[in-house]
Amino acid sequence: MKNNEIIDKKPITDGLIDYEKIYEKFSWETLKKELNINDGRVNIAYDAVDKHAQTWRKNKVALYWEGADGTCQKYTFLELKSLTNKCANMLQKLGVKKGDRVFLFLPRLPELFISMVAIAKLGAIAGPMFSAFGPDAVRDRLQNSEARVLITTPELKERVDTVLWELPKLEHIILVNDDKREGAEEEGNVYYHTLIKDSSDTFETEWMKLEDPLYILYTSGTTGKPKGVTHVHNDMISHYITTKWALDLRDDDIYWCTADPGWVTGTVYGLWGPWLCGISLYVYDGRFDAAKWYESIQNHKITVWYTAPTALRMLMKAGDEVIEKYDLSSLRYICSVGEPLNPEVIRWGSKGYGLPIHDNWWQTETGSIMIANYPCLPIKPGSMGKPFPGIKAAIIDGKGFELPAGQHGLLALKPGWPSMLRTIWGDEKRFKEYFNVNGWYATGDTAYKDEDGYFWFVGRADDVINTSGHRVGPFEVESALLEHRAVAESGVIGKPDAERGEIIKAFVVLREGYKPSKELEEELKIFIRHHLAAHAYPKEIEFCTNLPKTRSGKIMRRLLKAKDLGLPTGDLSTLED
Ligand code: ATP
Ligand code: MG
C-alpha cells in the first residue's frame, strides 16, 4: 500500500511563462521526480481523484454535470473518491481484475466518468466508445479488445443485443439506468445502481507500474479502419503538464472540454488531464446547439473552453446575433483541436468572443498535445504553433532526413515522450510501422515549419493533391473558401485527371441565405484564384447540405472521394449520421 502522505507541493509554475527558456531546459525525467512518481507505486486514479480528496480540494467541485434536459448535478473530489471506490468494488465483485478490458458505451453521464476512474483503480483497461455508435462499431471494438465487461444503458444495450452472439468473451453487461430508479429493472440484467448500493466506499487501489495499460482508444477512422491505440499509466506525466501549459488551466478555472470521451480528446482533456491538475470540469450531455452552448458558458461561468474547428465553424455559421444574447465574459482562454483551424475562424473568434483561439495538434497515438499555441506566444492564424517542451518535432523526407524551414514534408516526432502509444491492441506489426522512417515516429500528416519555428499543417499524407506538378493541401483551399461570405464549410479532394495528374474538387456547404447557382460557382473559383493561387482553384465545385464527418467532427475526405469516384467506401463505423 502506498502511504497516503501528502506533500502539497507548490505547482511547478502557474503557466508557461517563457516558452523558449522552458523548451530548452525541460526534461521529462526532472518532471517525473518533481511529481514524486515511483514506478510500481502509481495509479492515475489516485493522482486524479483520491489525492485531491485528502487536501484542501476535497470539497472542491470536480464535476459540474448538466443533462440534455437541463438537470444539473455536482460532485466534489471527496464524493468522487467514494463513488469510484464503490464502482471499483462492484466491478471487482463481478470478477474484474488487473489487465481486463472494461468497455463503456454510455452517454456523457456522471457514471461514465466515475467508471473510467474506477476501472483504473482496479488496474483494468478502459475502452470508452461514443454512445452514437451503431452495432457494428461496438462489435468491432469489443471483439478486437476481447472485453469482459460492458457498461451501457438499457436503450443502448438494444444495439448490442443484435451482435451479442458474436461476442463470446463478453461476460457481463452492466446497465446504467438514466433515472436510477429501482424497480425499473428487468430480470436477468445487471444494474449499476443496484450493484453499487451495497458496495463499500473504501477500496484498495491497485498499485501499477508506469508501463501498465490504462486505456484503449480507437482512432477516429478518418483515413481508414480505426486502430486500437493502447496507452499506459505513464501517460499521466504528459497529461498533467500539457493541461497546465497548453490549456493553461489553473485552480480557479471552470473548464469545459466539449469532446466526448469516445474521442481521445474527451478522455485525456475531458477527464484525466484536468483532474490530475485538480480542476473543476463542466460536462454537458446534450447535442450541439449554438444558443445552448453559449448559455452553458454564461450560466456555468466557464473560464477555459477546449473545442474543435467543426464546432467553431458551426458557431460561426449560427452568426454573431446569438453571441450577443449571452454574457460570455467569464471566458479567458479558448483552445481547439482535431482538424486544422481556419484563420478565418480565429479572426471571427477574436471579434465575436474578444479572445483568440489557440489551436493545438496531437493524435490518439501521441496521447497528449504535441504542438500548440501557448498563452505566452503570439498566434499566427493557420499555424498549429510550436512543439511542446520535451517534444522534438521535425519535417522529414521519406528517408527520415530533416528538411529546412519552408519545405513541405512528413511531420515526425522523436519517440520517447511519456504518453506515446505503447501498441496497437492485437497488432504489434501495425504499431512498428509508425517507426519505419529512420526511427522517427511518423504521424501520417504533412506539414512545414517556418523560420520562427511555427508548424503549419498541410494535410493528411493521403489527402495532399498533386495538380499539374503543384502539391496542394486540402486545408489551404478549404480555408480560402471559408473566407468567402457565402461559404459555411467545405471539403476538398483531388480527382484523377489525365492531363493534370489530379484536379481539385470542392464540396461546399453554403451559409444561411445563399443558394447554389452557376454564378456563385464561378465566383468561388475566381475568389480562390485571387486569394490563394491560380493552380489551387477548384475546377469542380459541388454544393451540398452537409459533409460526411466522423463522430469526432472530422471531415471524411476519403468518403467524399470514394463516393465521387464510385469506389468502395471502406470502414464507416465512425461516420456521424
Ligand atoms: P485515423 O487515424 O483512424 O484516420 P484520425 O487520424 O482522424 O483517424 P485522431 O487521432 O483523432 O484520428 O486524429 C489525429 C489527426 O487529426 C492528426 O493526425 C491530424 O491529421 C488531425 N489533427 C488533429 N489536430 C489537428 C490540428 N490542430 N490541425 C490539423 N490537423 C489536426
Ligand atoms: Mg490518425
Side-chain angles (χ1 to χ4, degrees), residues 128 130 137 140-141 216-231 242 246 259-270 306-313 334-343 345-346 357-373 379-388 393 410-413 419-421 424 427 430-431 433-434 441-448 454-464 473-476 478-479 548-559 570-576:
F130 283 100
D140 288 355
R141 285 157 182 77
I216 303 174
L217 248 171
Y218 290 78
T219 54
S220 293
T222 315
T223 57
K225 194 168 171 63
K227 304 164 279 276
V229 174
T230 309
H231 283 283
T242 51
D260 188 291
W263 180 31
V264 71
T265 305
T267 284
V268 174
Y269 297 108
Y306 193 18
T307 188
T310 305
L312 290 163
R313 286 192 298 259
I334 309 177
C335 298
S336 162
V337 70
E339 282 213 299
L341 183 63
N342 321 86
V345 177
I346 300 185
I357 302 165
H358 298 78
D359 185 23
N360 52 60
W361 176 97
W362 59 293
Q363 305 179 300
T364 312
E365 293 90 333
T366 68
S368 65
I369 294 168
M370 297 282 109
I371 299 177
N373 287 283
I379 291 177
K380 297 192 187 189
S383 161
M384 313 187 279
K386 293 190 176 195
F388 194 82
L410 304 169
L411 175 59
L413 305 167
S419 66
M420 193 178 84
L421 79 162
I424 296 295
D427 194 352
R430 178 67 188 84
F431 168 66
E433 280 167 18
Y434 284 100
Y441 165 80
T443 65
D445 288 347
T446 55
Y448 68 93
Y454 282 70
F455 282 73
W456 299 74
F457 182 82
V458 174
R460 310 274 187 154
D462 303 342
D463 288 341
V464 175
F475 169 52
E476 52 180 335
E478 290 163 11
S479 285
K549 286 189 189 144
T550 65
R551 285 275 152 216
S552 46
K554 294 158 191 264
I555 300 171
M556 274 174 139
R557 296 180 189 80
R558 70 172 162 99
L559 186 57
D571 185 286
L572 296 182
S573 62
T574 60
L575 183 68
E576 209 181 45

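In listed order, ligands and their atoms are each counted from 1. All values below come from the heavy atoms of this structure, side chains included, with hydrogens, waters and symmetry mates left out.
Not one N or O on the side chain of Asp463 forms a donor-acceptor pair closer than 3.5 Å with the backbone of Thr223. Between the Thr366 side chain and the Met420 main chain, no donor and acceptor come within less than 3.5 Å of each other. Checked by atom type and distance alone, the side chain of His358 never pairs as donor or acceptor with a backbone atom of Ala246 at under 3.5 Å. Side chain of Glu339 to main chain of Ile555: a donor-acceptor pair is present (N/O by atom type, distance under 3.5 Å, no hydrogens or angles).
For the residue pair Thr242 / Tyr269, a side-chain donor-acceptor distance below 3.5 Å is found, with atom types taken as modelled. One side chain, Ser552 or Ser220, offers a donor N or O that lies under 3.5 Å from an acceptor on the other.
Between Asp445 and ligand 1, at least one N/O pair is under 3.5 Å apart. Residue-to-ligand polar distances place Thr223 within reach of ligand 1: an N/O pair is separated by less than 3.5 Å. Considering backbone and side-chain atoms alike, Gln363 places an N or O below 3.5 Å from some N or O of ligand 1.
Heavy-atom minimum distance, Pro548 versus Leu559: CB-CD2, 3.6 Å. Summarising the geometry of Ile424 relative to Phe431, their closest heavy-atom pair is N-CB, 3.7 Å, with the distance given to 0.1 Å. Shortest non-hydrogen contact noted between Gly367 and His231 is CA-CE1, 3.4 Å. Closest of all the heavy-atom pairs between Pro381 and Ile379 is CD-O, 3.5 Å. The heavy-atom pair separating Arg551 from Leu575 by the smallest distance is NH2-O, 3.8 Å.
Neither the backbone nor the side chain of Val264 comes within 4.0 Å of ligand 1, counting heavy atoms alone. Contacts with ligand 1 closer than 4.0 Å are made by backbone heavy atoms (N, CA, C, O) of Glu339 only, the side chain lying farther away. Contacts with ligand 1 closer than 4.0 Å are made by side-chain heavy atoms of Phe457 only, the backbone lying farther away. Within the 4.0 Å heavy-atom criterion, both parts of Thr364, backbone and side chain, lie near ligand 1. Of all the heavy atoms of Phe475, none lies under 4.0 Å from any atom of ligand 1, so neither backbone nor side chain is involved.
For atom 6 (O) of ligand 1, the nearest non-hydrogen atom of the protein is Arg460 NH1, 2.7 Å. Nearest protein neighbour of atom 11 (O) of ligand 1, counting heavy atoms only, is Ser220 OG, 2.7 Å.
Residue Trp263 has at least one heavy-atom neighbour below 4.0 Å for each of these atoms of ligand 1: 11 (O). Each of the following atoms of ligand 1 lies closer than 4.0 Å to a heavy atom of Asn360: 24 (N), 26 (C), 27 (N). Atoms of ligand 1 found under 4.0 Å from any heavy atom of Thr222, numbered from 1 in the order shown, are 1 (P), 3 (O), 4 (O), 5 (P), 7 (O), 8 (O). Below 4.0 Å from some heavy atom of Val337 lie the following atoms of ligand 1, by number and element: 24 (N). Those atoms of ligand 1 with a heavy atom of Pro340 less than 4.0 angstrom away are 28 (N), 29 (C), 30 (N). Heavy-atom contacts of Lys554 reach the following atoms of ligand 1: 7 (O), 9 (P), 11 (O), 13 (O), 14 (C), 15 (C), 16 (O), 21 (C) (cutoff under 4.0 Å). Counting atoms of ligand 1 from 1 in the listed order, those under 4.0 Å from a heavy atom of Lys227 are 1 (P), 2 (O), 3 (O).
Within the structure, the closest approach of Gly221 to ligand 1 falls below 4.0 Å when heavy atoms are considered.
For atom 23 (C) of ligand 1, the choice among Gly444, Gly338, Gly382 with the nearest heavy atom turns out to be Gly338.
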query: Hey, mind stepping through Glu433 and Lys227 against salt bridge (Lys or Arg N to Asp or Glu O under 4.0 Å) and telling me if it holds?
result: CA-CA 13 Å; Glu433 280 167 18; Lys227 304 164 279 276; over 6 Å; no
